There are 2 protein chains.
Amino acid sequence: MDIRTRLISTAEQLFDRHGFTATGMDRLTQAAGISSRTLYKHFGSKNGLMAAVLNERDRRFHRRINADSVDALFGALEAWFAEEGARGCLFLRAWGETGGGVPEIAEVMARHKERLRQRIDDIVVAEIGHRDDELAEAILLLFEGATHAATYRGGAAVDGARRAARRLIAGART
Amino acid sequence: MDIRTRLISTAEQLFDRHGFTATGMDRLTQAAGISSRTLYKHFGSKNGLMAAVLNERDRRFHRRINADSVDALFGALEAWFAEEGARGCLFLRAWGETGGGVPEIAEVMARHKERLRQRIDDIVVAEIGHRDDELAEAILLLFEGATHAATYRGGAAVDGARRAARRLIAGART
DNA sequence: GTACATGTAAAGTGATCGTTTTACACTCAG
DNA sequence: CTGAGTGTAAAACGATCACTTTACATGTAC
């Protein structure tokens, strides 16, 4: 496997499971079987690595939630949690741990959330045939809520969000 | 002001604004104007201080969202954000930064979320006259979603959550 | 065959981490 | 008057932080 890819996926796991600040560079290089010199050649700094990890996660995430209905959207979220675990939004966690003060990270976070909103806009159009900003906002909030509530309520959170979204859509269709 | 109270409120601000792990003990003692020896006499360890901060925040938070309607609930959340800023749920952030591995913190988090769910259960009863688990779950998810989406969407997130909750309640009343 | 890119291992940078220690001042109850 | 309690300032603890440096092994391209 490519050395960049290997390091990014190792780092993503460690950051996700133990937190960004709590994960030291020694632990990262050791887990990935890579020298620290190579790491810094590739990513420049820890913040650079964090940004790279988040960028890769953004691509992977949006590839997986490529859905055209609310049911499929929350189904994809459920599958994601089943495979990767639910520990809250990694983008918001990175933003919080850095106090919002690292531009590269704040930008990836903002881009990720914008894409999420666009995806949901498209799903709303597919469901009811036209744009509905209020409905899309509600589904985004349910999605965000499920993402975080799943850390302490498990799959029931995603289920509840899906059901609520269905009701709101049914109400909007009439 | 009492020395414990002063330290807890100083620590809450620093933890919230800069992250738990990123906030060192030196910064804490200096900001509170307190010797590190005194800090350790009172709280034993950094984890002990974090748990104390979260416990105090839990009390303050639930005192402020003591509402008897969804409108009042989201109104209280909006006021909270206006005064304290929106950087996501501090309990989930603490849990994430510690990798879920600190029992004292995991317990405060769980207790906090249980109380939130109970409060919402009560509000649902006040709104529609009887229990409705699915509706309560949906409102919890909207609340959680607004809490986190407000970090990047501002007050619009709370507004959207309130409107969606109103619709769901209107649907449940018929 | 030599120059370059890409990797490793390992030691060292100074700073900062959470925590403890030493030494000293003040208050107040017995 | 004394001893316990509560506070301070400041230095020290070893560990770990993010990051750099030195020295050396590759394979590959001109």
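The sequence lines fix the lettering, A, B, ..., with proteins before strands; numbering per chain opens at 1. Given the structure is predicted, the values throughout are model-derived calculations rather than measurements.
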_Selection residues 160-174 of chain B - residue pairs positive for salt bridge (charged side-chain N to carboxylate O under 4.0 Å, His left out), sequence neighbours left out_ = A/Glu134-B/Arg163, A/Glu134-B/Arg167, B/Asp71-B/Arg166, B/Glu78-B/Arg162, B/Glu127-B/Arg173, B/Asp159-B/Arg162, B/Asp159-B/Arg163
*Write out all pairs satisfying ring pair (Phe, Tyr, Trp, His ring centres under 6.0 Å) with one or both partners inside residues 102-122 of chain A, taking only residues at least two apart or from two chains.*
A/Phe61-A/His112, A/His62-A/His112, A/Phe91-A/His112
Distances under 3.5 Å only, N/O to N/O: pair up the protein atoms with those of nucleotides 4-10 of chain C.
unit_1: C/dG7; atom_1: OP2; unit_2: A/His42; atom_2: NE2; d: 3.1
unit_1: C/dT8; atom_1: OP2; unit_2: A/Ser35; atom_2: N; d: 3.4
unit_1: C/dT8; atom_1: OP2; unit_2: A/Ser35; atom_2: OG; d: 2.9
unit_1: C/dT8; atom_1: OP2; unit_2: A/Thr38; atom_2: OG1; d: 2.2

*Under the side-chain contact (heavy atoms from CB on, under 4.5 Å) test, which residues partner A/Glu114, sequence neighbours left out?*
none
*Sequence neighbours left out, what passes side-chain contact (heavy atoms from CB on, under 4.5 Å) with B/Ser35? Give chain and number order.*
B/Arg37, B/Thr38
*Heavy atom of residues 16-29 of chain A under 4.0 Å from DNA chain C: which residues?*
none
*For the pair made of CG in A/Leu14 and C1' in D/dC17, what is the distance, rounded to whole Å?*
16 Å
*Could you list the residues that satisfy side-chain contact (heavy atoms from CB on, under 4.5 Å) with A/Asp16, not counting sequence neighbours?*
A/Arg87, A/Leu90, A/Arg93
*Roughly how many Å is it from OH in B/Tyr40 to C1' in C/dT22, rounded to a whole number?*
17 Å
*By side chain to side chain donor-acceptor pair (under 3.5 Å), which residues pair with B/Asn66, not counting sequence neighbours?*
B/Arg119
*Spacing of B/Gln30 atom CD relative to D/dA9 atom P, expressed in whole Å*: 11 Å
_Gap between atoms CZ and P, on B/Arg4 and D/dT6 respectively (whole Å)_ = 12 Å
*Apply side-chain contact (heavy atoms from CB on, under 4.5 Å) to A/Thr21 and list each qualifying residue two or more places apart in sequence or on a separate chain.*
A/Glu97, B/Thr21
*Pairs in or reaching into residues 58-67 of chain B: which pass salt bridge (charged side-chain N to carboxylate O under 4.0 Å, His left out), with residues at least two apart or in two chains?*
B/Glu12-B/Arg60, B/Glu56-B/Arg59, B/Asp58-B/Arg115, B/Arg60-B/Glu84, B/Arg64-B/Glu83
*Take the C1' atoms of the five end pairs on each side of the helix from C/dT19-D/dA12 to C/dG30-D/dC1, get both axes, and report the angle to 10 degrees.*
10°
*Could you tell me whether a side-chain N or O of B/Arg6 sits under 3.5 Å from a main-chain N or O of B/Ala32, the two making a donor and an acceptor?*
yes
*Pairs where residues 135-147 of chain A contributes a residue and the test side chain to side chain donor-acceptor pair (under 3.5 Å) is met, not counting sequence neighbours*: A/Lys113-A/Glu144, A/Arg117-A/Glu137, A/Glu137-B/Arg153, A/Glu144-B/Tyr152
